[in-house]
**Q** 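Sharing a structure with you now.
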Amino acid sequence: MAARERISLMENWLFYGPNGQKKRVDLPHTWNNIDGQDGGNDYWRGCCVYELTFPCPAFDREKQAVYLEFQGVNASAEVEVNGAVLMHHDGGYSTFRGEVTGLLREENRLVVRVDNSINDRVYPQKADFTFYGGIYRQVSLLVVGKKHFDLDFYGGPGLQITPTLSGDTALVRVKSWANVETPRVEITLEDAQGQAVARGTGTDATLEIPQVHLWDGVDDPYLYTARLRLVEEGQVWDEMVSTFGVRTFRVDPGKGFFLNGRPYPLRGVSRHQDRKGLGNALLPEHHEEDMALIREMGANSIRLAHYQHDQYFYDLCDRYGMIVWAEIPYISHHMPQGRENTISQMKELIIQNYNHPSIVTWGLSNEITISTRDTVDMLDNHRVLNDLCHEMDPTRPTALACYAMCSPFNKSAHISDLVAWNLYLGWYVPGLFLNDWWISLFHRIYPKRCLGYSEYGCEGMPNLHASRPRREDHTEEYQAIYHEYLLACFQRHPYLWSTYVWNMFDFAADARDQGGEPGMNHKGLVTFDRRVKKDSFYLYKAWWSKDPFVHLCSRRYVDRPEAVTTVKVYSNQPRVRLYADGKLVGESAGKNHVFTFRVPLSGQVRLEAAAGTVKDSCTIRRVASPNPAYRLQKGKSKSQNWV
């Protein structure tokens, strides 16, 4: 009786799409995977219909119940089962479910109307990314005991685990909810080897784990497991399992982020959940590849922007020790009619993700002052959300990401517990030095306010190159110079509680026309298809990763007109040697993981960089004149930026 059964409903849906198209599709699916990535800001937004016929699952109607669960439908969904409206959901990034036990027949017709139309109620409506429409995450039937842990509250699991630390003993408070009046709940806590370390009973019990093994970030992301059983009259009706971690953290305005009592600067990346040709319809292997690339670079934190991500990815963050900034898509433009939607999305975010040890902060909004006019209502909305977060989860601080043009004195920047800015100084405006100036200014004015960089970045195209790169040329070389400066800048300001590269991956933003490829934001360290790691990726790897390597930069800049060219190497090794056609050019100790050499060019030259046992090589050549393919070709649109 206790074992839950999950039945996938991912195959053979009938899709009624834009312009009257009708076809069979498998999930995950989006109708904007092509037109949402090709530029023009004209991708189709509207209502499409998905239909599925499925047999009734085998279950005991006297002792079991069946739920229909969606883990992500963008942006609004109306669900019918056998002609009866089951539920309506506004918000494209969270789990929602409804009980279908009484609606099921031998053969069943499921109809889902999915709508990503423009409106003034459901966030997001204005932002620098594509709002893909579709059923793009898992859909399943969940068969449970008729008496079961709660499944009807904001898509949550009916379980809340709150570990605290007392010396080397963990006090683990386990709260659960069920659909019976006086539930009897049996609790077992297990270590990573599956051995029981604590037992207890009750819907609100605190269990002790002596000599607890801490969840310690990327170095040691140790996870425990909580097993709960709902028992009535000696019969187990339901069982629930959740991993959790025990850790402490704090943020100091003068010293930055601390994990388990030690300084732990959050040096990370932001991530969007889309891919070339797929849109947001991702499979587990795509999430795993993204995590593998982030881990290879050595990051220890991820800002999961600008909405709730797939549970599978939060689980990966727990497993690999990534510290997470989680947030809702309250972004760019405050909508007075959207207040309830911000509240419901925040409730879903917290309730569905409370047990993840990786998450340390709840993000209230992103760049909300970019086009907001009703500042009074906007500020009040933020205060409501801030109070809501503290009420629902007093263990985590709130955060807010401010727009670049939002001044340090703006009232919105002083509502949340933590604050950070999206700044692109040295890219959208000239002067990399302005980053140092701005950080120092804010810290001088507000020395007791915890400050971070929630976004910073620079467009970089791996097919565009220059020997003398400059701002706005979109070359791989200028992107590298930009990040060289920012990494050194952050080292000069160690009190920053977090810094997040915008972005780990190129992503779709259909309103953009930049870098010679419309519909894309190219600030990623890795290309949209995940095939090319730009030079800047290796710069971060040199700063953050312990795995020995060398990387020859500008390897795609093959044709060079100069007689003597600059060759740059990134490495986390103390010294690097460079060879040209087998002859030693020189050896360098470098600075800030950057090693620079001057190499005479005559014809084709094979370069090899070496440090100990690690090597890298490439070939460049001298040409009579600059290769025009390396220069940016301007787009057709008058406004290249999405704003």
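Heavy-atom basis, side chains included; hydrogens, waters and symmetry copies ignored.
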**Q** Between the side chains of R97 and H89, is a donor N or O closer than 3.5 angstrom to an acceptor N or O?
**A**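 There is no such pair (donor and acceptor under 3.5 Å, judged by atom type) between the side chains of R97 and H89.
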**Q** May I ask you to decide if S358's main-chain N or O and D318's side chain share a donor-acceptor pair within less than 3.5 Å?
**A** yes
**Q** Rounded to the nearest 0.5 Å, how far apart are CG of D387 and NE2 of H382?
**A**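 Result: 12.5 Å between the selected atoms.
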**Q** Knowing that exactly one of R267, M297, M504 qualifies, which makes a side-chain contact (heavy atoms from CB on, under 4.5 Å) with Y540?
**A**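 Among R267, M297, M504, the one that satisfies the side-chain contact (heavy atoms from CB on, under 4.5 Å) with Y540 is M297.
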**Q** Closest approach of W502 and A305, non-hydrogen atoms and distance?
**A**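 Heavy atoms only, the tightest pair is CZ3-CB, 3.7 Å.
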**Q** Going by side chain to side chain donor-acceptor pair (under 3.5 Å), Y132 matches just one of N116, N74, D274. Which one?
**A** D274
**Q** Strictly by modelled atom types, are D506 and N521 linked by a side-chain donor-acceptor pair under 3.5 Å?
**A** no
**Q** Just do the salt bridge (Lys or Arg N to Asp or Glu O under 4.0 Å) check on D473 and R470 with the steps written out, would you?
**A** CA-CA 6 Å; D473 66 5; R470 56 182 175 79; 5.2 Å; no
**Q** So does E51 pair up with R109, basic N to acidic O under 4.0 Å?
**A**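 Salt bridge flag = yes for R109 with E51.
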**Q** Describe, in one word, how the ring planes of F490 and Y456 are oriented to each other, choosing from parallel (under 30°), tilted (30 to 60°) and perpendicular (over 60°).
**A**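 If you compare the ring of F490 with that of Y456, the planes turn out perpendicular.
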**Q** Considering all heavy atoms of both residues, which atom of S416 and which atom of L364 are nearest to each other, and what is their separation?
**A** CB-CD1, 3.9 Å
**Q** Can a donor-acceptor pair be found between the side chains of H333 and Q125 at a distance below 3.5 Å?
**A** no
**Q** Can you tell me if N341 uses its side chain to pair, donor with acceptor, with the backbone of Y123 under 3.5 Å?
**A**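 Yes: the side chain of N341 pairs with the backbone of Y123.
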**Q** Do W421 and F442 make the cut of ring centroids closer than 6.0 angstrom?
**A**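 Ring centroids of W421 and F442 are less than 6.0 Å from each other.
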**Q** For the rings on W362 and H356, is their centre-to-centre separation under 6.0 Å?
**A** no
**Q** According to the interplanar angle, ranging from 0 to 90°, do the rings of W438 and Y453 count as parallel (below 30°), tilted (30 to 60°) or perpendicular (above 60°)?
**A**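 Because their plane-to-plane angle is over 60°, the rings of W438 and Y453 count as perpendicular.
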**Q** For N12 and D26, does a side-chain donor sit closer than 3.5 Å to a side-chain acceptor?
**A** no
**Q** Would you tell me whether D120 and Q337 have side-chain atoms, one donor and one acceptor, within less than 3.5 Å of each other?
**A** no
**Q** Whether the side chain of S371 engages the backbone of S332 through a donor-acceptor N/O pair (distance < 3.5 Å, no angle test) should be reported.
**A** yes
**Q** Check this for me, if you would: do E477 and R468 make a salt bridge, where the nitrogen-to-carboxylate-oxygen distance has to be below 4.0 angstrom?
**A**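 The answer is no: the pair does not qualify as a salt bridge.
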**Q** Looking at Q273, Q311, Q71, which one forms a side chain to side chain donor-acceptor pair (under 3.5 Å) with R137?
**A** Q273
**Q** Minimum heavy-atom separation for I302 to C317, with atom names?
**A** CD1-SG, 4.1 Å
**Q** With under 30° as parallel and over 60° as perpendicular, where do the rings of H309 and Y307 fit, or are they tilted in between?
**A**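 It falls in the parallel class, under 30°.
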**Q** Is it the case that the side chains of N381 and T342 hold a donor-acceptor pair, with the cut-off being a distance below 3.5 Å and no angle test?
**A**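 Distance-only check passes for T342 and N381.
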**Q** Please determine if D380 and R339 form a salt bridge, counting it only when a charged side-chain N lies under 4.0 Å from a carboxylate O.
**A** yes
**Q** For the CG atom of L539 and the CH2 atom of W544, what is their distance to the nearest 0.5 Å?
**A**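 Rounded to the nearest 0.5 Å, the CG-CH2 separation comes to 9.5 Å.
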**Q** Is R396 close enough and on-axis enough to Y354, meaning under 6.0 Å and within 45°, for cation-pi?
**A**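 Because its charged atom sits under 6.0 Å from the ring centre and within 45° of the axis, R396 does stack over Y354.
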**Q** Around atom CZ of R24, are there more than 12 heavy atoms of other residues, nucleotides or ligands at under 6.0 Å?
**A** yes
**Q** I'd like to know if the side chain of R471 and the backbone of W427 have a donor-acceptor N/O pair within less than 3.5 Å.
**A**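 Between the backbone of W427 and the side chain of R471 there is a qualifying donor-acceptor contact (under 3.5 Å).
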**Q** Is the backbone of G524 close enough, under 3.5 Å, to the side chain of K534 for a donor and an acceptor to pair up by distance?
**A** yes
**Q** To the nearest 0.5 Å, how far apart are CE in M335 and CD1 in I368?
**A** 8.5 Å
**Q** With a 4.0 Å cut-off on N to O distance, would you call E289 and R275 a salt bridge?
**A** yes
**Q** Can you confirm whether more than 12 heavy atoms, excluding those of E11, are under 6.0 Å from its CD atom?
**A**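 For E11, atom CD is not crowded (no more than 12 foreign heavy atoms under 6.0 Å).
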**Q** Applying salt bridge (Lys or Arg N to Asp or Glu O under 4.0 Å) to D290 and R295, what does each step give before you reach the verdict?
**A** CA-CA 9 Å; D290 282 5; R295 293 181 68 221; over 6 Å; no
**Q** Find the distance between CG (L316) and CE (M291) and round it off to the nearest 0.5 Å.
**A** 5.0 Å
**Q** Could you go through the side chain to side chain donor-acceptor pair (under 3.5 Å) check for Y485 and D436 one step at a time?
**A** CA-CA 10 Å; Y485 186 94; D436 282 286; 2.5 Å; yes
**Q** Going by an N to O cut-off under 4.0 Å, is there a salt bridge joining R512 and E459?
**A**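 Yes.
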**Q** Quick one: does any side-chain atom of N435 pair with a main-chain N or O of L432 as donor and acceptor, under 3.5 Å?
**A**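 Yes, the answer is positive, given that a donor and an acceptor are paired below the 3.5 Å cut-off.
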**Q** Does the side chain of E367 pick up a donor-acceptor pair with the side chain of Y330 at under 3.5 Å?
**A**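 Checked: E367/Y330 side chains show no N/O donor-acceptor pair below 3.5 Å.
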**Q** Please identify each residue that fulfils salt bridge (charged side-chain N to carboxylate O under 4.0 Å, His left out) with D315, with sequence neighbours left out.
**A**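 With sequence neighbours excluded, D315 shows a salt bridge (charged side-chain N to carboxylate O under 4.0 Å, His left out) to no residue whatsoever.
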**Q** Under 6.0 Å between the ring centres of Y557 and Y630?
**A**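 That pair passes the under 6.0 Å test.
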**Q** Start with the C-alpha distance between E296 and K541, add both sets of side-chain angles, then the distance that settles salt bridge (Lys or Arg N to Asp or Glu O under 4.0 Å), and finish with yes or no.
**A** CA-CA 7 Å; E296 179 190 344; K541 185 175 180 178; 3.2 Å; yes
**Q** So, for H306 and H272, is the gap between ring centers shorter than 6.0 Å?
**A**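 Yes, the ring of H306 comes within the 6.0 Å limit of the ring of H272, centre to centre.
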**Q** Main chain of F528, side chain of R530: is a donor-acceptor contact present, judged purely on distance under 3.5 Å?
**A** yes
**Q** Are the side chain of N19 and the backbone N or O of Q21 linked by a donor-acceptor pair below 3.5 Å?
**A** no
**Q** Under 6.0 Å between ring centres: does that hold for Y312 and Y314?
**A** no
**Q** Sequence neighbours left out, what passes side chain to side chain contact (heavy atoms under 4.5 Å, CB included) with I34? Give chain and number order.
**A** none
**Q** If you measure only the distance, is there a donor-acceptor pair under 3.5 Å linking the side chains of E455 and Y424?
**A**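 Yes, because at least one side-chain N or O of E455 sits under 3.5 Å from a partner of the opposite role on Y424.
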**Q** Under the 3.5 angstrom rule, does the side chain of S536 hit a backbone N or O of L525 as a donor-acceptor pair?
**A**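 Not a single qualifying donor-acceptor pair exists.
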**Q** Supply the atom-to-atom distance T527 OG1 to N463 CG, rounded to the nearest 0.5 angstrom.
**A**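 Going from the OG1 atom of T527 to the CG atom of N463 covers 11.0 Å.
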**Q** Test R449 against D417 for salt bridge (Lys or Arg N to Asp or Glu O under 4.0 Å), laying out the working first.
**A** CA-CA 8 Å; R449 191 89 172 105; D417 302 313; over 6 Å; no
**Q** Indicate whether any N or O donor in one side chain lies under 3.5 Å from an N or O acceptor in the other, for N386 and T398.
**A**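 Present: a donor and an acceptor within the cut-off.
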**Q** Please report the interatomic distance CG(L282) to CD(E288), rounded to the nearest 0.5 Å.
**A**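 Answer rounded to 0.5 Å: 12.0 Å.
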**Q** Within the side chain of N119, is there an N or O that forms a donor-acceptor pair under 3.5 Å with the backbone of S117?
**A** yes
**Q** Parallel under 30°, tilted from 30 to 60°, perpendicular over 60°: which one fits the rings of Y50 and F15?
**A** tilted
**Q** Taking the six-membered ring for Trp and the single ring otherwise, decide whether the centroids of F70 and F96 are under 6.0 Å apart.
**A**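 Yes, ring centres under 6.0 Å apart.
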**Q** Does a donor on one side chain sit under 3.5 Å from an acceptor on the other, for D510 and T130?
**A**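 T130 and D510 do not have a side-chain donor-acceptor pair below 3.5 Å.
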**Q** Should the ring pair Y446 and H414 be called parallel, tilted or perpendicular, given that the plane angle runs from 0 to 90° and is split at 30 and 60?
**A** tilted
